[in-house]
Each structure stands twice: as C-alpha cells, then as structure tokens.
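A short write-up of the structure that comes next.
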Amino acid sequence: MKENLAQKYDHHSVEEGKYAEWVEKGYFTAGDLTKKPYTIVIPPPNVTGMLHIGHAWDNTLQDIISRYKRMQGYDMLYLPGTDHAGISTEAKVDARLRAEQGISRRDLTREQFLEKAYEWKEEYAGIIHKQWEKLGNSLDYSRERFTMDEGFVKAVRHVFVSLYNDGLIYRGKRIINWDPEARTALSNLEVYYQDDPGQMFYFNYRVKETGEDLIIATTRPETMFTDECIIVHPEDERYRHLVGRTAVNPANHEEIPILADEYVDREFGTGAMKCTPAHDPNDFIIGERHGLPMRSCMNDNGTMNENAGVYAGMDRFACRDRLVETIRAEGNLVRIENIVHSVGHSERTHCVVEPYLSEQWFVRMKPLAEDVLAHQEDPEQRIVFWPERFNKTFVQWLENIEDWCISRQLWWGHRIPAWYHKETGEIYVSEQDPADPENWIQDEDVLDTWFSSALWPFATLGWPEDTEDYKRYYPNDTMVTGYDIIFFWVARMAFDARYFTHNRPFHHVLIHGLIRDAQGRKMSKSLGNGIDPMQVIDEYGVDALRFFLSTNSTPGQDMRYIPEKVEAAWNFINKLWNASRFVLMNLDDGMKYSDIDLTDISEVDKWILTRLNQTIEHVTDNNEKYEFAQVGNELYSFVWDDFCSWYVELAKANLGSADEKVRKATQSVLLLALTDIIKLLFPFMPFVTEEIYLKLPHEKDSLNLESWPDIIEAVHGCDIADTERLISAISKIRELKAAAGLKPSARIHVRLRDIDGNIKPLSTDQAAMLERMARAEWQADPEGDLTVASINGGTIQIPSHELQNKEEETAKLMKEAERLRKELQRSEGILNNKGFLAKAPADKIALEQKKQEDYRKQLEAVEARLAELA
RNA sequence: GGAGGCUUAGCUCAGCGGGAGAGCAUUCCCUUCACAGGGGAGGGGUCAAGGGUUCGAAUCCCCUAGCCUCCACCA
C-alpha cells in the first residue's frame with residue numbers, strides 16, 4: 001500500500017518540525033556564488049515585545065518574495081535582525097524595575113541599568129526567534145544582526161564622525177521637543193499632534209510709562225516667568241507709540257521691553273504678543289534676532305525651576321492653575337476662553353511635549369536630502385516605490401526637511417562619540433576613545449534609534465568594512481515596509497546610503513498599509529482589539545494566515561482582519577489537501593516523477609495543461625509586480641474550479657478506462673499539474689505544500705530545492721475548443737435539469753453541435769465524461785422535438801419530452817435570446833464603428849468579430865427553437 | 001493651509017479603457033465513489049452624484065459630496 005496523506009488536513013501536524021529541518025539543512029543560507037544574488041533585509045523588529053499581526057503581514061510579503069526568487073534560481077539572502085529601540089525598550093525596562101523592585105532606572109548606575117536592558121533584549125530576541133520560526137520566514141540566521149552589536153557600534157561611530165567632520169553634524173542650543181516624562185529630547189517625527197480642549201488666557205501687561213494695559217493672550221501661562229519682551233508689529237498704529245517702552249509682566253512683575261518685529265500678525269488676537277524664547281520655537285527665532293536673554297523656567301521633568309520664584313518645584317500644570325488664580329486676584333486676568341487646539345504629545349509616553357531650549361546634537365539635513373532628491377530623478381539610481389504614489393510623499397517630505405535632533409537623554413543606545421576636556425572644555429569627536437581618558441568626559445547622551453536603523457541595509461552586510469557580503473548583496477533588491485515609517489526609516493536609509501555608499505540602499509520599496517480590526521479600527525492596546533498572530537496560527541495554521549495576509553490587499557492599502565477570510569484560506573488549503581489525496585490514491589505504486597509522459601494525453605489533459613500554462617504565466621507576471629491579491633485569485637480559481645471541479649472529475653472517466661495508455665497519461669497529467677500547483681503555492685503556504693510534495697513522487701529532498709515551474713511546451717498551441725464545449729455542455733445540461741425540476745440523476749439524451757450547427761460526435765472518453773458528470777447520453781439522431789440551448793462554442797439539443805416543460809423552456813430561451821441580442825447589439829455597435837476599426841488593436845478587432853459571429857449563430861439556433869415551440 | 005487614499009452585490013474587498021467579479025452571507029437541490037469545513041444550480045449591483053475626453057468609461061480628466069490618513073500649524 002502506497003503512503004497517502006492523512007485523512008484529514010491538520011495544520012498542527014503538517015507544520016510540526018518542518019522549519020527546524022529546513023534551517024538545519026541550510027536551505028535558507030545564502031552564498032551560492034554560481035547564482036545571481038537577491039537581497040531582502042528584514043525590517044528589524046524592536047526588542048520591546050512580541051511580534052504583532054502587522055509584523056506577520058510584513059514578513060509574509062518578504063518571505064513570499066524570498067521563496068519565489070529562490071525558486072527562480074537566485075542566491076537569495078533574507079537577512080534577519082532586531083532593533084534595540086532606545087526609548088521604548090528603556091521605558092519597558094524601567095517599568096519592569098518599578099513593578100518588580102519598586103525602583104526606577106535613576107536608582108541604578110548606567111552600567112547596572114544596561115545590564116538589565118541586555119537581559120530584556122536577550123529574552124525578547126528569543127521570543128522573536130520563535131515567532132519567526134512559526135511564521136516560516138526563510139531567514140539566513142548565519143547573518144543575523146542587532147542594531148547595537150559590535151559591527152554596528154563601529155558603523156555608527158564611523159557615520160557620526162564622518163558627518164561631524166564634514167560639517168553635517170553639529171551641536172547647538174535649540175528649541176527641541178522635550179518629553180518631560182522620559183526626560184529626553186525627541187525629533188519632530190516623534191511628536192504627534194492632537195486636538196485637545198484647552199484655554200486661552202488673556203492678561204494685562206501694564207505699560208510702565210503710560211499706565212495703559214496691553215492685553216496679551218497665551219495658552220501656556222506657566223512660561224510667562226521668562227517672557228523676555230512684548231512684540232508688536234512695527235507698523236501697527238495702535239502700538240507704535242509703545243515701542244521702546246516697558247511692560248510689567250503680571251506673573252512676576254518683571255519689567256520687560258516692548259519691541260517691534262514683523263513676525264507679529266496684526267490681525268491675530270490683540271496684535272501684541274509676549275515672547276518667551278526658551279519655550280517656543282518662533283519666539284526663539286525672534287529672540288535670536290533681537291539678542292534677547294533666553295532663560296528657561298522649567299526643569300527637565302516638567303516642574304518649575306528657580307526662575308518661577310515661589311512656584312519652583314511645582315508641576316507645570318499645577319503651576320498654571322495657581323498662577324492664573326494669583327493674577328486674577330491681582331486684577332490682571334482679562335478673560336479665559338475655552339478652546340480646542342492642537343497639542344503635541346510624545347509618541348512614546350503620550351505626555352504633553354514641552355518646546356524646550358536645550359543643547360543637542362543635530363544632523364544638517366538639507367544637503368543630504370538634496371542628494372537623494374537629485375538621484376530620484378535618475379532612472380538608473382532612483383528608489384522605485386510600489387505603488388508609485390508614495391514617491392510623492394517621500395519627495396515632498398525631503399523637500400521640506402528640517403534638521404534632525406539626534407541626541408537622546410537615555411542610556412540604552414549608541415553613546416555619542418564626543419568627549420569634553422575636563423580642564424579646557426575642548427571637544428574631541430573621534431571613532432577612537434581618547435588616549436588619555438582620565439582627562440576627558442564622554443557626552444552622556446545616546447543617539448536616536450533611527451540613527452542606527454538608517455544604516456541597516458548596508459551595515460548588516462559588514463559595512464564600513466569592504467566585506468564579501470557587502471560587495472555581493474548590496475544594494476538590496478527589495479525593501480518591504482509600511483507607509484507609516486517612510487519618513488522615520490526609508491528616507492533616512494536613503495540619505496545615509498547615498499552619502500556613505502554612493503548608491504541607493506535598495507532598488508524597490510514595496511509599501512504595505514496597516515492592518516485593522518474587523519470594524520476598520522486601528523489595533524491598539526487600549527482598545528484591546530489586537531490580534532495575536534500566534535493565536536491565529538494555532539487556530540488556522542500559518543499557511544492559512546499567510547495566504548490571508550498576502551492575498552487580501554493591494555499594495556499600499558490598509559487591510560482588515562476578517563476571521564472568515566482566514567477560514568476561507570483554510571478551506572482552500574483543505575481543498576488542495578483533498579485533491580492531493582485523490583491524486584495520490586490514483587497513482588500507480590512505484591510511479592516516479594520521471595515517469596511523467598505526455599505523448600498520449602487526451603483532449604481534457606491538453607485543456608488542463610493549457611490552463612495551467614496560462615496560470616503559470618499570470619502568476620509569474622503578478623509576482624514580479626508584487627500583486628499578490630491577483631496571484632491569490634488566479635491560483636484559487638485555477639485550483640478549485642479548473643483543477644478540482646472540472647479536471648479531476650473529468651479525469652475520473654479516464655482513470656476508469658480499460659486502456660492502460662489512457663490511464664497512464666491521466667496519471668502523468670495529474671502528477672504534473674498538482675506538482676506545478678504546489679510549486680506555485682509554495683511561497684504562500686510553504687508547510688502544506690512541502691507535506692504534499694514529499695508524499696508525491698518527487699525529485700528533490702524538499703520543495704525548498706525545487707525551481708519555479710516552466711511553461712509546458714507539449715501543449716503549446718493546442719486547440720482546447722472541444723473540451724471547453726464539453727464543459728459548457730455539462731453545465732448547461734445541469735442547469736436545464738434544475739430549471740425543468742428534474743433530479744440531477746435523471747437521465748436524458750443530448751447532441752452537441754459546433755458554432756456552425758455541425759453535429760460534433762464525442763469520443764469514447766468524452767461520452768463517458770458526459771455520462772458521469774451530467775447523466776446524459778450522447779445521441780446522434782434524437783427523435784421528436786428538440787430543445788436547443790447555446791453553450792460555449794456551439795449549441796446542444798435535447799429531446800423536448802425529456803425536459804417535459806415547454807413553458808419553462810420557452811421562458812428560458814426568451815431570456816437567452818434577449819441576452820444574445822444585447823451582446824450582439826453591443827458587438828455590432830463596436831464593429832460598425834469606423835473609429836473602432838481604425839483605432840483599435842488588430843487582435844481586439846479579431847476577437848470582437850469572432851464574438852459577433854458566435855453570438856449571431858447561437859441566436860439563430862435559439863430563435864429557430866423558439867419558432868418550433870410557438 | 002498642503003498632500004494622498006477610499007466610495008463596486010447584504011458584509012469585506014479585487015478589477016482600473018472594450019462581455020460587472022471573488023470570499024462570506026442568502027435561495028433551491030444532492031447520503032456510498034478525494035473533500036458535507038463538500039458537490040450542483042440560482043438570486044442579488046443604474047460600479048457615490050454631475051460634467052467632460054473617447055468609436056467605446058466602473059476604469060482617464062474635471063467638479064461635488066461623504067468617510068479616512070499623513071504633513072504643516074500664529075501668540
């Protein structure tokens with residue numbers, strides 16, 4: 001007894017153990033120098049936590065491309081790695097310290113904290129590995145990297161120092177976005193704005209010299225302590241006489257000058273504004289212009305400092321309330337308006353971000369961005385976005401770029417390679433530590449996580465060393481990532497790549513969207529609507545999850561997680577499983593793959609192989625365009641409809657044939673077609689296809705080693721009209737029986753005619769198929785009245801008394817005739833159109849002429865029968 | 001203020017210049033023969049509204065409406 005698949009498709013047992021074996025056998029290890037390289041690097045997941053369903057989607061797309069390219073004969077490198085994720089990991093470790101030991105990171109030394117952070121990293125890297133395994137990612141673990149491993153430390157230092165020496169990194173006192181909770185600077189991208197309810201306060205600033213009151217509005221009274229002046233527009237008649245005089249700050253009774261600056265919008269508010277250079281980016285610019293002092297009144301944790309006088313030590317918001325009350329008591333509060341305004345929040349801690357004056361490191365972005373923009377114009381050097389529209393997003397952002405604040409007041413990250421001399425204050429920036437470390441103090445800050453992520457496509461390959469991997473696998477071929485990190489990541493990889501490797505980091509970027517819940521909401525912890533991919537895998541299997549994730553959206557578009565669709569994917573796999581069981585139980589014992597012989601194949605065999613060829617062609621084309629939803633549709637309908645519903649059913653007749661040659665030919669076609677099907681599906685569902693492959697007669701040790709299917713030349717140019725007519729006839733007979741209220745099993749007689757009305761005799765096997773699938777018997781010369789129905793490429797005739805329902809038949813035929821007339825009208829409209837004949841492509845014209853001819857003849861047959869019935 | 005996306009069958013989505021499609025749901029029929037998480041046959045859509053280009057528009061252009069992102073943001 002030949003071995004078959006288990007009776008039931010059970011994803012657990014199918015997926016068990018396979019991955020470990022694939023890794024062990026080295027199927028995913030790149031390095032075959034006889035082949036052309038193809039590179040994808042995984043977007044390194046943060047070691048903050050587990051992978052979510054968005055990662056599963058992202059990775060599935062990468063893995064599909066990887067497996068497809070590997071089958072096409074590329075030396076495929078799919079490189080794994082993880083990201084240290086500075087601020088998020090630091091927050092997680094901090095939270096754990098609090099939960100487990102009741103302490104914060106500030107109770108530890110830097111070294112002690114880093115030790116804890118590394119423990120966390122190890123733990124989560126382990127979880128991520130297990131999850132990659134579950135997902136089936138064909139990653140080359142021999143090349144795995146981490147954004148803070150030794151090589152990365154070197155790469156990051158090299159980049160920092162080079163940019164510094166080239167004047168593209170500088171240190172400066174600027175207004176930056178300050179997260180008072182994490183107590184670190186943030187880049188502009190790490191701040192999100194949301195409309196919050198708030199208040200606009202109007203205060204009196206009394207002019208000392210004249211005693212009049214200037215009404216000034218602010219949303220942040222707590223910053224008033226360091227107002228450095230009042231600004232009015234130089235041409236504002238209302239205030240011109242006050243310029244040069246002094247106003248009294250109602251918060252602390254300080255006397256501050258009234259100055260003129262064109263920045264002020266006369267129409268806005270009262271036309272006079274307070275200027276607090278240390279707490280607002282626009283005020284800062286004005287402050288620089290006028291040489292104002294720049295005092296800050298806040299500490300780095302969001303409490304007030306000594307400049308706030310009696311409010312020192314108080315939280316900024318508590319201070320706001322108290323201060324407003326005090327000013328009110330002193331009679332200087334004019335009014336309070338309730339407003340809704342947009343307020344910046346930290347993307348990590350979600351607290352209100354404080355525009356804050358502080359000394360930070362910055363990357364001068366303009367020259368770097370311009371270099372990328374120039375190359376986006378060059379077809380040979382540009383990064384190609386899929387879909388193309390994201391190029392616009394990318395370009396517009398680069399065109400309006402501002403300097404990037406890269407220093408973070410954290411411990412977990414790449415330490416800035418700058419040292420300050422203890423005595424002289426001299427600064428030393430170098431890839432090497434100072435030779436006399438006792439005289440220097442290293443900058444306490446670390447770099448923004450994205451500073452190192454930006455080097456990912458090349459630093460993972462050994463850069464800045466000129467390694468073999470770097471030479472071979474760089475630039476990357478395809479980067480797969482979400483539109484949400486085009487600015488954070490894609491843009492930054494682009495300019496670092498240009499500057500340091502004089503190349504683009506990758507040729508293509510495939511952009512996908514966000515995965516949402518069934519109601520279309522973003523998945524979030526607070527809503528608790530997140531989907532754990534591991535749970536889905538447990539329930540439906542990873543093959544079903546992968547098929548769902550890859551074939552249910554178009555590039556760049558968001559997708560909803562719909563459990564019914566995962567189930568549909570499972571059902572599809574189940575169908576494939578059962579079809580495979582059927583094939584296996586119908587192959588002769590001992591049949592080998594090399595026994596496939598197409599010399600004596602039948603008409604139906606030619607038909608399925610022709611359809612298979614079309615499928616291979618379309619799937620290949622769409623894989624190249626990353627149109628996996630198209631591929632999914634194509635494979636789904638080919639497998640389910642063409643192969644299972646038609647071919648397998650039709651083939652049963654031939655498998656029952658007494659003729660050995662017919663049987664053998666059918667077995668060959670079943671084996672060939674199924675093998676190609678599982679090859680085409682392998683990138684999408686590697687586990688179940690491998691299981692089937694190993695049970696079928698096969699040539700390689702694993703489907704991982706197989707190559708992408710070729711077009712089957714043996715059926716090139718075959719005429720498959722006979723089979724198409726037969727299939728259509730079977731459908732039509734079933735339909736007529738149902739319409740006539742007959743049981744499907746009711747026997748009837750039928751005659752097929754081609755489009756010209758010629759009677760088409762059936763071969764023995766075709767007659768057997770007709771019998772088996774439609775319970776209809778071919779009759780060359782049926783007696784009495786004949787019912788006519790049009791089918792693809794001809795008509796069928798059935799003795800009317802067998803259908804027993806003249807009224808039904810007439811109604812049916814009238815409807816049919818109407819449809820045909822409409823089609824004919826459409827077709828004739830087109831063909832009588834001079835413009836169409838003159839301008840349409842020749843093959844379109846020929847196709848339309850053929851259609852018209854067919855419609856006309858079918859209509860004639862239907863009308864003839866209607867005349868008989870009348 | 002700027003940029004972009006979506007609007008197609010009850011639901012979720014493909015199609016994006018030449019015959020309106022899929023999955024799920026729904027109606028009717030089917031017990032052996034790979035599969036009842038299955039098989040067979042149906043029903044269901046003026047492709048958001050309006051205008052234009054074209055021989056021909058769900059598909060290209062313009063405009064309107066609704067929903068949704070992203071970027072920028074004046075006290």
Side-chain angles (χ1 to χ4, degrees), chain A residues 4-5 7-9 188-189 192-193 200 216-220 231 263-265 267-276 280 282-283 341-342 344 387 389-390 392-393 396-397 400 402 483-484 486-487 513-514 518 520 522 548 551-554 556-565 567-572 574-586 627 629-630 632-633 636-637 644-645 648-649 652 656 730-731 734-739 741-745 772-774 819 822-823 826-827 829-841 844-845 847-848 851 855:
Chain A
N4 201 329
L5 293 163
Q7 187 121 27
K8 231 172 135 46
Y9 166 55
N188 298 346
L189 281 177
Y192 66 93
Y193 289 85
M200 180 75 85
I216 305 283
T218 179
T219 54
R220 294 158 65 213
I231 307 276
Y263 171 79
V264 177
D265 179 354
E267 310 300 313
F268 192 90
T270 60
M273 59 171 268
K274 74 190 194 73
C275 178
T276 321
D280 182 277
N282 293 310
D283 293 7
H341 60 155
S342 123
R389 73 182 128 92
F390 287 101
K392 199 169 172 181
T393 316
Q396 284 179 354
W397 189 72
N400 297 298
E402 285 176 36
Y483 61 68
D484 52 327
I486 291 177
F487 304 144
L514 257 43
K522 237 170 155 171
F548 161 73
T551 65
N552 277 287
S553 79
T554 342
Q557 220 60 46
D558 288 353
M559 175 174 36
R560 296 187 191 198
Y561 177 80
I562 311 281
E564 288 80 8
K565 292 208 177 192
E567 206 174 317
W570 191 97
N571 289 344
F572 175 55
N574 187 240
K575 187 75 180 174
L576 175 71
W577 181 266
N578 282 298
S580 304
R581 289 187 61 226
F582 172 82
V583 171
L584 276 163
M585 61 179 60
N586 283 287
E627 291 283 357
Q630 294 298 327
N633 284 338
Y636 191 97
S637 69
C644 294
S645 297
V648 164
E649 294 304 325
K652 283 175 183 171
I730 291 167
S731 282
R734 288 167 171 170
E735 185 190 327
L736 289 172
K737 281 187 187 175
L742 294 175
K743 286 204 161 197
S745 55
R772 166 178 273 279
M773 296 188 70
R819 184 187 70 92
K822 246 176 82 183
E823 295 289 10
R826 185 192 61 80
S827 203
I830 294 173
L831 287 168
N832 290 337
N833 193 318
K834 279 189 189 141
F836 175 72
L837 293 175
K839 291 175 190 170
K844 283 270 194 276
I845 297 176
L847 194 70
E848 208 49 54
K851 280 189 206 167
Y855 292 140

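Labels below follow one simple rule: chain letters A, B, ... track the order of the sequence lines, proteins then strands, and each chain is numbered from 1.
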| message | According to side-chain contact (heavy atoms from CB on, under 4.5 Å), who are the partners of I830(A), at least two apart in sequence or on a separate chain? | response | R826(A), F836(A), E848(A)
| said: Within the 4.0 Å heavy-atom criterion, would you say D280(A) contacts the bases, only the backbone, or no part of the nucleic acid? | reply: nothing
| field | C1' spacing across the pair G52(B) / G17(B), given as an integer number of angstrom | value | 15 Å
| request: Determine the contact category for S645(A): base if any of its heavy atoms lies under 4.0 Å from a base atom, sugar-phosphate if only primed atoms, P, OP1 or OP2 are that close, otherwise nothing. | output: sugar-phosphate
| field | Between G50(B) and U8(B) - P atom distance, rounded Å | value | 15 Å
| request: Determine the Euclidean distance between corresponding P atoms of G23(B) and G40(B); express it in Å to zero decimal places. | output: 11 Å
| Which residues share a side chain to side chain donor-acceptor pair (under 3.5 Å) with N571(A), sequence neighbours left out | none
| Taking the same atom, P, in U46(B) and in A41(B), what whole-Å distance lies between them? | 26 Å
| query | Say you pick atom P in A9(B) and the same atom in G37(B); how far apart are they, in whole Å? | reply | 30 Å
| N4(A) side chain to R581(A) main-chain N or O, any donor-acceptor pair under 3.5 Å? | yes
| query | Pick the nucleotide of RNA chain B nearest each of I216(A) and Q630(A); which residue has the one closer to the 5' end? | reply | Q630(A)
| Using atom P of each nucleotide, how far apart are G10(B) and C68(B) to the nearest Å? | 23 Å
| said: Once you apply a heavy-atom cut-off of 4.0 Å, does F572(A) come out as touching a base, just sugar-phosphate, or nothing? | reply: nothing
| said: The criterion is side-chain contact (heavy atoms from CB on, under 4.5 Å); which residues satisfy it with F268(A), sequence neighbours excluded? | reply: D265(A)
| Rounded distance in Å between the C1' positions of G45(B) and A22(B) | 14 Å
| message | What's A629(A) touching, base or sugar-phosphate or nothing? Going by heavy atoms closer than 4.0 Å. | response | nothing
| query | Within the structure shown, what part of the strands sits under 4.0 Å from R220(A) by heavy-atom distance: base, sugar-phosphate, or nothing? | reply | nothing
| request: Classify the nucleic acid contact of A838(A) as base, sugar-phosphate or nothing, counting any heavy atom under 4.0 Å across all strands shown. | output: nothing
| request: Report which part of the nucleic acid K737(A) touches: base, sugar-phosphate, or nothing (heavy-atom distance under 4.0 Å, all strands). | output: nothing
| query | How would you label the contact of C275(A) with the nucleic acid (heavy atoms, under 4.0 Å): base, sugar-phosphate, or nothing? | reply | nothing
| query | Using a cut-off of 4.0 Å on non-hydrogen atoms, how would the nucleic acid contact of S731(A) be classed: base, sugar-phosphate, or nothing? | reply | sugar-phosphate
| said: List the residues meeting side chain to side chain donor-acceptor pair (under 3.5 Å) with R389(A), not counting sequence neighbours, and say none if there are none. | reply: Q557(A)
| field | All ring pair (Phe, Tyr, Trp, His ring centres under 6.0 Å) counterparts of Y636(A), not counting sequence neighbours | value | F572(A), W640(A)
| CD on E649(A) to CZ on F582(A), rounded to 0.5 Å | 7.5 Å
| request: For R220(A), check salt bridge (charged side-chain N to carboxylate O under 4.0 Å, His left out) against everything at least two apart and list the hits. | output: E354(A)
| Intra- and inter-strand pairs of RNA chain B in dot-bracket (Watson-Crick or G-U wobble, both distances under 3.5 Å; | for another strand) | ((((((((.[[[[.)..(..]]]].(((((.......))))).....[.[[[..)....]]].])))))))....
| side-chain contact (heavy atoms from CB on, under 4.5 Å) against E735(A), all qualifying residues, sequence neighbours excluded | K732(A), K812(A)
| query | For S637(A), which contact category applies under a 4.0 Å heavy-atom criterion: base, sugar-phosphate, or nothing? | reply | nothing
| remark: Bounded by its outermost nucleotides with an atom under 4.0 Å from a heavy atom of chain A, the footprint on RNA chain B reads A3(B) to A75(B)
| K565(A) side chain to F548(A) backbone, donor-acceptor under 3.5 Å | no
| message | Base, sugar-phosphate or nothing for Y636(A)? Non-hydrogen atoms, less than 4.0 Å. | response | sugar-phosphate
| Which part of the nucleic acid, if any, lies within reach of K274(A) when heavy atoms closer than 4.0 Å are counted: base, sugar-phosphate only, or nothing? | nothing
| Toward the 5' end of RNA chain B, by each residue's nearest nucleotide, Q557(A) or R560(A) | Q557(A)
| Does N574(A) reach the main-chain N or O of W570(A) with its side chain, forming a donor-acceptor pair under 3.5 Å? | no
| task | Could you work out the separation of A57(B) and A49(B) based on their P atoms and round it to a whole Å? | result | 15 Å
| task | For N633(A), report the nucleic acid contact type (base, sugar-phosphate, nothing); a contact means any heavy atom under 4.0 Å. | result | sugar-phosphate
